[in-house]
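No hydrogens, no waters, no symmetry mates; every other heavy atom, side chains included, goes into these values. Counting starts at 1 for both ligands and their atoms, in listed order.
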Amino acid sequence: MKILKTKNYDELSRVGANIISSQIILNSHSVLGLATGSSPEGLYKELIKKYKEGIIDFSNIKTFNLDEYKSLNSEHVQSYRYFMNTHLFNHINIDKNNTYIPNGLSINEIDECLNYEKKISELGGIDLQLIGLGLNGHIGFNEPSSSFTKSTHCVKLSEITLKANSRFFDKLDDVPKYAYTMGIGTIMSAKAILLIVSGKEKADILYKSLFGPITPNVPASILQFHKNLFVVADEDALHKINNK
Ligand code: F6R
């Protein structure tokens, strides 16, 4: 595991974008795993900047997102498809046919999950997976539970996640209760993982994830087993680790 400490969120975004850009420069046909949420917003802005400066080219890049709410259509402003289009895809030269996100409206849940896994395998697996960290240690929408899940599946979101994500909706009740997510196994199969974490409120869970016992109660703790994990976190998020 390599931990890179940044002064703040802006620097975290630049460092994270540099790592993704290096992957794209080294392999212009890379398969990237992407995330939504507050953590990667700045990083996506930096990637757009680099694209506009002619430093990176997305024309042969393929992407798979970690997750999508169940029951939201892709035009819904809170769907992760909408997030990805507005925060990244609409501003770069990626072919949208090469961007994969679970279909929240799929009528067959099982097929949706199987097809997602199949597509990832067909394209040779994920080269670099970007992830954020939930306050309860979730990665993707793999919530704390009694076992690690393997592949893409549909989950019931925990109360803490519903509450955390309600900041994007008018009210708590509007947050979809279920979501599709890559499994822990899918995430761990990526050749490299880039975890980005910002803010004091995540210091405790970041410490537990990286240095605590490996347990499905803290899903991100499994990352300790990954051979190629890069953590980019700001001083606030790392303050428990620095103080040990
Ligand atoms: C998003 C995702 C989630 C978030 C996590 C942190 O695609 O899978 O696991 O990464 O909830 O969210 P933020 O970055 O909003 O704090």
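Below 4.0 Å from some heavy atom of Gly132 lie the following atoms of ligand 1, by number and element: 10 (O). Counting atoms of ligand 1 from 1 in the listed order, those under 4.0 Å from a heavy atom of Leu66 are 8 (O). The distance from ligand 1 to the heavy atoms of Gly37 drops below 4.0 Å at these ligand atoms: 14 (O), 15 (O).
Between Tyr80 and ligand 1, a contact under 3.5 Å exists for no N or O pair. No N or O atom of Pro40 sits closer than 3.5 Å to an N or O atom of ligand 1. Residue contacts with ligand 1: Asn165 is placed with no nitrogen or oxygen under 3.5 Å of a nitrogen or oxygen of the ligand (distance criterion only).
The shortest non-hydrogen separation linking Leu133 to Ala220 is CD1-CB, 3.5 Å.
Atom 12 (O) of ligand 1 has as its closest protein heavy atom Lys202 NZ, 4.2 Å. Of the protein's non-hydrogen atoms, the one nearest atom 5 (C) of ligand 1 is His138 NE2, 3.4 Å. The nearest heavy-atom contact from the protein to atom 14 (O) of ligand 1 is Ser39 OG, 2.5 Å. The protein heavy atom nearest to atom 8 (O) of ligand 1 is Asp67 OD2, 2.5 Å. If you check which protein heavy atom lies closest to atom 9 (O) of ligand 1, you get Gly140 O, 2.7 Å. Annotation: atom 1 (C) of ligand 1 to nearest protein heavy atom, Thr36 OG1, 3.2 Å. Protein heavy atom in closest approach to atom 6 (C) of ligand 1: Leu133 O, 3.4 Å.
Of the possible donor and acceptor atoms, none in the side chain of Glu143 sits under 3.5 Å from a partner among the backbone N and O of Pro219.
Screening Lys118, Glu117, Lys119, Glu112 for a side chain to side chain donor-acceptor pair (under 3.5 Å) with Thr152, the sole residue that qualifies is Glu117. With respect to Val232, the side-chain contact (heavy atoms from CB on, under 4.5 Å) criterion is satisfied by exactly one of Ile3, Leu12, Val197: Leu12.
Between Arg167 and ligand 1 there is a heavy-atom distance shorter than 4.0 Å.
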- Would you check, one step at a time, whether the test side chain to side chain contact (heavy atoms under 4.5 Å, CB included) holds for Thr99 with Met84? CA-CA 9 Å; Thr99 66; Met84 290 310 301; over 6 Å; no
- Message: If you apply the rule salt bridge (charged side-chain N to carboxylate O under 4.0 Å, His left out), what do you find for Lys49 with Glu46, and how did you get there?
- Response: CA-CA 5 Å; Lys49 228 191 270 172; Glu46 294 294 328; 3.4 Å; yes
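In this structure, His153 and Tyr180 have side chains that are not in contact, with every pair of non-hydrogen atoms separated by 4.5 Å or more.
Heavy atoms of other residues, nucleotides or ligands lying less than 6.0 angstrom from CD of Glu122 number more than 12.
Relative ring orientation between Tyr80 and Phe83 is described as perpendicular, the plane-to-plane angle rising above 60° on a 0-90° scale split at 30° and 60°.
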